[in-house]
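Okay, so here's the structure we're looking at.
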Amino acid sequence: MRAPLFTSLVSLFLFFTCTNPDPRPANSPESGIVVDSIEAEPPQYVIRQNRFYHLVAGEPLADAADRLERGTMNEGEGSYTVYDILGDDGERIGFVVPSVTDSMLIGDIHVTTPTAATEGDIRVGHTFARLRIAYPNVEVRASEIAGRTYAYTKNKAFRLADFSFSQQQIDKEEVPAGTRISEIIIMDQVRTAPLEI
């Protein structure tokens, strides 16, 4: 009689200690766990340090003429010259802004395609939580343009989609873990923030 009672008690103990006490799904916002939905496929394009698709800030725009197409971007009341970055199949994978010190040189390089990844395997569309794992020392700052916020590493800025803050300096703990990255910017070395366009 003692053996079945002991077995029943052990079974109950294992049931309650091994089940998930939190009935919410792991991917729900209330659980505090966010799983990225982007597939872990090898990137088509690689962002390495200050280089993307053979483009480097500070080098002549003319050297990259075969990969760039001149265009104009309208922002607010002004328009700016930009150069679309054309990928392997002629698709737009980002854009380049001329340097603020010399309009004949490459300035900020804006990567907008999710098929490109940094050396920490961060892509457009990934979450802020994943960014913090890859780059634990990121600093978050609001831009001068209302509604824009960036996370900064040594030479990159990651634009955070749908997140804005009124203060210039932001505690990274205040950024929701599920906030998505909408752009990866390799910054011109003469600047400490991306050119606001």
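- Here the straight-line distance linking atom CG of Leu68 with atom CG of Leu61 works out to 6.5 Å at 0.5 Å rounding.
- Hydrophobic clustering, with ILVMFWY side chains joined whenever heavy atoms are under 4.5 angstrom apart, keeps Val96 apart from Leu105.
- In terms of modelled atom types and a separation under 3.5 Å, the side chain of Thr118 and the main chain of Ile122 share a donor-acceptor contact.
- Of the possible donor and acceptor atoms, one in the side chain of Tyr45 sits under 3.5 Å from a partner among the backbone N and O of Asp88.
- Using a distance-only test at 3.5 Å, with no hydrogens or angles considered, no donor-acceptor pair links the side chain of Asp89 to the main chain of Glu91.
- Under the 4.5 Å side-chain heavy-atom criterion for grouping Ile, Leu, Val, Met, Phe, Trp and Tyr, Leu86 is not connected to Tyr83 through any hydrophobic cluster.
- Counting heavy atoms from C-beta on, the side chains of Glu59 and His54 never come closer than 4.5 Å.
- Under a 3.5 Å cut-off, the side chain of Asn155 and the backbone N or O of Gln49 do form a donor-acceptor pair.
- One distance of note links CZ of Arg92 with OG1 of Thr113; it measures 10.5 Å at 0.5 Å rounding.
- Put simply, Val138 and Ile181 are part of the same group of oily side chains (I, L, V, M, F, W, Y) that touch within less than 4.5 Å, one to the next.
- Looking at heavy atoms from C-beta onward, Phe52 lies out of side-chain contact with Val46 at the 4.5 angstrom threshold.
- In this structure a side-chain-to-backbone donor-acceptor pair under 3.5 Å is missing from Asp188 to Asp108.
- Remark: Arg180 is not positioned above the aromatic ring of Phe128, lacking an NZ or CZ atom under 6.0 angstrom from the ring centre and at most 45 degrees off the axis.
- Across every non-hydrogen atom of Ala177 and Thr127, the tightest pair is O-CB, 3.4 Å.
- Ring-plane geometry between Phe95 and His110 is classed as parallel, the angle between the planes falling under 30 degrees on a 0 to 90 degree scale with a further cut at 60.
- The shortest side-chain heavy-atom distance between Met187 and Lys156 does not fall under the 4.5 Å cut-off.
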